[in-house]
Amino acid sequence: MAVKYSDLGLVNTVDMFKKAVKGGYAIPAYNFNNMEQLQAIVMACTETESPVILQVSSGARKYANQTLLQYMAQGAVAYAKELGKGKNIPISLHLDHGDTYELCVSCIESGFSSVMIDGSHHDYNANVELTKKVVEYAHKHDVTVEGELGVLAGVEDDVSAEHHTYTEPDQVEDFVKKTGVDSLAISIGTSHGAYKFKPGQKAEIRLDILHEIEKRIPGFSIVLHGSSSVPQDLVAKINKHGGKLDDAIGISEDQLREAAKSAVCKINIDSDGRLAMTAAIREVFALKPAEFDPRKYLGPARDALKELYKHKNDKVLGSSGHAFD
Ligand code: G3H
Ligand code: 13P
Ligand code: ZN
């Protein structure tokens with residue numbers, strides 16, 4: 001039996017994006033796979049009064065189980081309401097990097113309010129066709145769709161690209177018009193994971209391309225993937241307690257802040273959360289080797305994650321205080 005996202009208390013991204021583009025901030029899209037991550041997201045976003053996109057990859061869907069995810073998202077809304085004393089922040093449930101029409105349909109049928117169809121690894125015309133097909137189905141169900149043009153370097157699930165293929169500003173208007181997408185992910189030098197730049201390489205993204213794209217599709221909602229900043233204190237803590245993350249480098253917060261002030265209305269962050277959790281867990285394991293109650297290491301991991309998200313909302317994305325605009 002199909003489930004409608006609004007029956008779970010979720011919203012699509014139409015309003016969120018409209019307000020974010022107008023207000024010069026970006027909506028956080030935080031990935032989750034388990035309860036502690038979800039709790040941290042809901043706590044942080046409720047405390048900062050930020051709208052939020054709960055993001056689920058196909059890997060997360062396999063890991064957590066689709067049925068459980070559906071109830072977790074519904075639970076997230078109820079939990080936000082409880083924390084917000086009867087008033088909950090807007091929450092959207094989004095499929096991250098959907099790669100087939102069938103996966104998008106399946107997610108929509110199980111309560112997702114937004115999906116990404118990532119046709120960026122196909123040639124232009126095939127990307128247009130696939131994206132358009134998903135949009136036609138999704139819009140019938142009032143679900144929003146994110147497409148992607150350009151290829152990020154690095155690994156995404158099973159696909160990997162050695163070099164960035166930057167989004168071609170000349171293509172964006174045609175893509176948006178032909179597909180009917182609600183938002184567009186672009187490639188301007190961000191990449192997935194904790195190793196975004198090589199040592200010695202200029203750690204900068206191409207904001208000039210972003211601004212050129214904005215000129216071609218004024219006011220249209222732009223999405224940035226691969227936007228973790230890889231905080232060096234977290235990397236140092238992981239390495240201090242037995243980890244081995246050499247030369248992990250992320251996107252500067254200043255550049256993300258600048259992007260968020262423009263047409264970038266959704267910023268995807270996953271790796272920083274992984275680093276925060278890992279650092280906290282490694283520290284407990286190193287300092288309290290006799291500890292074996294999972295709550296004693298997952299609890300500190302959740303606290304660290306919550307602080308990280310609050311910092312992002314307040315200081316990087318600028319979404320704090322915008323939940324009830
Ligand atoms: O873009 C990738 C996200 O970080 C999700 O990663 O596919 O390992 O769940 P995952
Ligand atoms: P990071 O790996 O930089 O956190 O990017 C996450 C992402 O883009 C999810 O789609
Ligand atoms: Zn991504």
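First listed ligand is number 1; within each ligand, the first listed atom is number 1. Quick note: numbers below take in every heavy atom, side chains included, and nothing from hydrogens, waters or symmetry partners.
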Enquirer: Examine Phe112 together with Tyr5 and report whether their ring centres are nearer than 6.0 Å.
Expert: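 Not close enough - the centres of the two rings lie 6.0 Å or further apart.
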
Enquirer: Should you measure from each heavy atom of Asn31, which atoms of ligand 1 turn up under 4.0 Å away?
Expert: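 Ligand 1 atoms under the 4.0 Å threshold to Asn31: 3 (C), 5 (C).
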
Enquirer: Can you report which non-hydrogen protein atom sits closest to atom 8 (O) of ligand 2, along with the distance?
Expert: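 Closest protein heavy atom to atom 8 (O) of ligand 2: Gly226 N, 2.7 Å.
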
Enquirer: Nearest 0.5 Å, please: how far is CD1 in Ile269 from NZ in Lys266?
Expert: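 With rounding to 0.5 Å, NZ (Lys266) is 10.5 Å from CD1 (Ile269).
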
Enquirer: Is Ser271 in polar range of ligand 2, meaning some N or O pair under 3.5 Å apart?
Expert: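 Yes, Ser271 has an N/O under 3.5 Å of an N/O on ligand 2.
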
Enquirer: Answer yes or no: does an N/O atom from Ser57 fall short of 3.5 Å to an N/O atom of ligand 1?
Expert: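 Yes; the residue has a nitrogen or oxygen that sits under 3.5 Å from a nitrogen or oxygen of the ligand.
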
Enquirer: More than 12 non-hydrogen atoms from neighbouring residues, nucleotides or ligands closer than 6.0 Å to CD on Glu173, yes or no?
Expert: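 Open.
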
Enquirer: Within a distance under 4.0 Å of any heavy atom of Asp96, pick out the atoms of ligand 1 and give their elements.
Expert: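 In order of numbering, the contacting atoms are 1 (O), 3 (C).
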
Enquirer: Which pair of heavy atoms, one from Ala26 and one from Val264, lies closest together, and at what distance?
Expert: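 Result for this residue pair: CB-O, 3.7 Å.
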
Enquirer: Can you list the atoms of ligand 2 that are under 4.0 Å from a heavy atom of His192?
Expert: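 Near His192, meaning under 4.0 Å from one of its heavy atoms, ligand 2 has 2 (O), 5 (O), 6 (C), 7 (C), 8 (O), 10 (O).
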
Enquirer: Under a 4.0 angstrom heavy-atom cut-off, which atoms of ligand 2 come close to His225?
Expert: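 Those of ligand 2 that fall under 4.0 Å from His225 are 8 (O), 10 (O).
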
Enquirer: Taking only heavy atoms of Asp270, which atoms of ligand 1 are found under 4.0 Å from at least one of them?
Expert: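 Once the distances to Asp270 are compared, the set is 3 (C), 4 (O), 5 (C), 6 (O).
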
Enquirer: Can you find a non-hydrogen atom of Lys196 under 4.0 Å from ligand 2?
Expert: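 It does; at least one heavy atom falls under 4.0 Å.
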
Enquirer: Taking distance alone, with N or O pairs closer than 3.5 Å, would you say Arg274 contacts ligand 1?
Expert: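 Yes; at least one N/O pair falls below 3.5 Å.
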
Enquirer: Quick one: does NZ or CZ of Lys87 land under 6.0 Å from the six-membered ring centre of Phe324, within 45 degrees of the ring axis?
Expert: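 The answer is yes; both the distance and angle limits are met.
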
Enquirer: Could you tell me the residue and atom name of the protein heavy atom closest to atom 10 (O) of ligand 2, and the distance to it rounded to 0.1 Å?
Expert: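 For this ligand atom, the closest protein heavy atom is Asp96 OD2, 2.7 Å.
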
Enquirer: Taking heavy atoms and a distance under 4.0 Å, where does Asp270 meet ligand 2: side chain, backbone, both or neither?
Expert: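 Contact part for Asp270 vs ligand 2: both backbone and side chain.
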
Enquirer: Would you mind telling me which of Asn313, Val52, Ile27 makes a side-chain contact (heavy atoms from CB on, under 4.5 Å) with Ser319?
Expert: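 The option that passes is Asn313.
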
Enquirer: Would you check if Lys19 and Cys265 make a side-chain contact, meaning some heavy-atom pair closer than 4.5 Å?
Expert: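 Side chain of Lys19 against side chain of Cys265, heavy atoms only: no contact under 4.5 Å found.
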
Enquirer: Looking at His97 versus His121, is the centre-to-centre ring distance below 6.0 Å?
Expert: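 Not under 6.0 Å, so no.
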
Enquirer: Which one holds for Ser227 and ligand 2: side chain close, backbone close, both close, or neither close, with close meaning a heavy atom under 4.0 Å?
Expert: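 Backbone only.
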
Enquirer: Using a strict 4.0 Å cut-off to heavy atoms of Ile269, name the atoms of ligand 2 that fall inside it.
Expert: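 Contacts of ligand 2 toward Ile269, numbered from 1: 4 (O).
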
Enquirer: Could you tell me if the side chain of Tyr124 sits less than 4.5 Å from the side chain of Glu168, heavy atoms only?
Expert: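 No, their side chains stay 4.5 Å or more apart.
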
Enquirer: Would you name the heavy atoms of Gly150 and Ser187 that are closest together and state the gap between them?
Expert: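 Closest heavy-atom pair between Gly150 and Ser187: C-CB, 3.8 Å.
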
Enquirer: Give yes or no for whether the N/O distance cutoff of 3.5 Å, strictly under, is met between Gly193 and ligand 2.
Expert: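 Between Gly193 and ligand 2, an N or O pair is found under 3.5 Å apart.
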
Enquirer: Do His94 and Glu146 have side chains that approach each other closer than 4.5 Å (heavy atoms only, starting at C-beta)?
Expert: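 SC-SC contact between His94 and Glu146 confirmed.
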
Enquirer: Starting from the Zn ion (ligand 3), look over the N/O/S atoms of His225 and name the nearest one.
Expert: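 Result for His225 and the Zn ion (ligand 3): ND1.
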
Enquirer: Should you measure from each heavy atom of His97, which atoms of ligand 2 turn up under 4.0 Å away?
Expert: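 By the 4.0 Å cutoff, the relevant atoms are 10 (O).
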
Enquirer: How about NZ on Lys288, more than 12 heavy atoms from neighbouring residues, nucleotides or ligands closer than 6.0 Å, or not?
Expert: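 Result for NZ/Lys288: open.
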
Enquirer: With a 4.0 Å heavy-atom cut-off (strictly under), which part of Asn31 contacts ligand 2: side chain, backbone, both or neither?
Expert: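 The answer is the side chain.
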
Enquirer: Can you list the atoms of ligand 1 that are under 4.0 Å from a heavy atom of His97?
Expert: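 So the atoms of ligand 1 that pass are 1 (O).
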
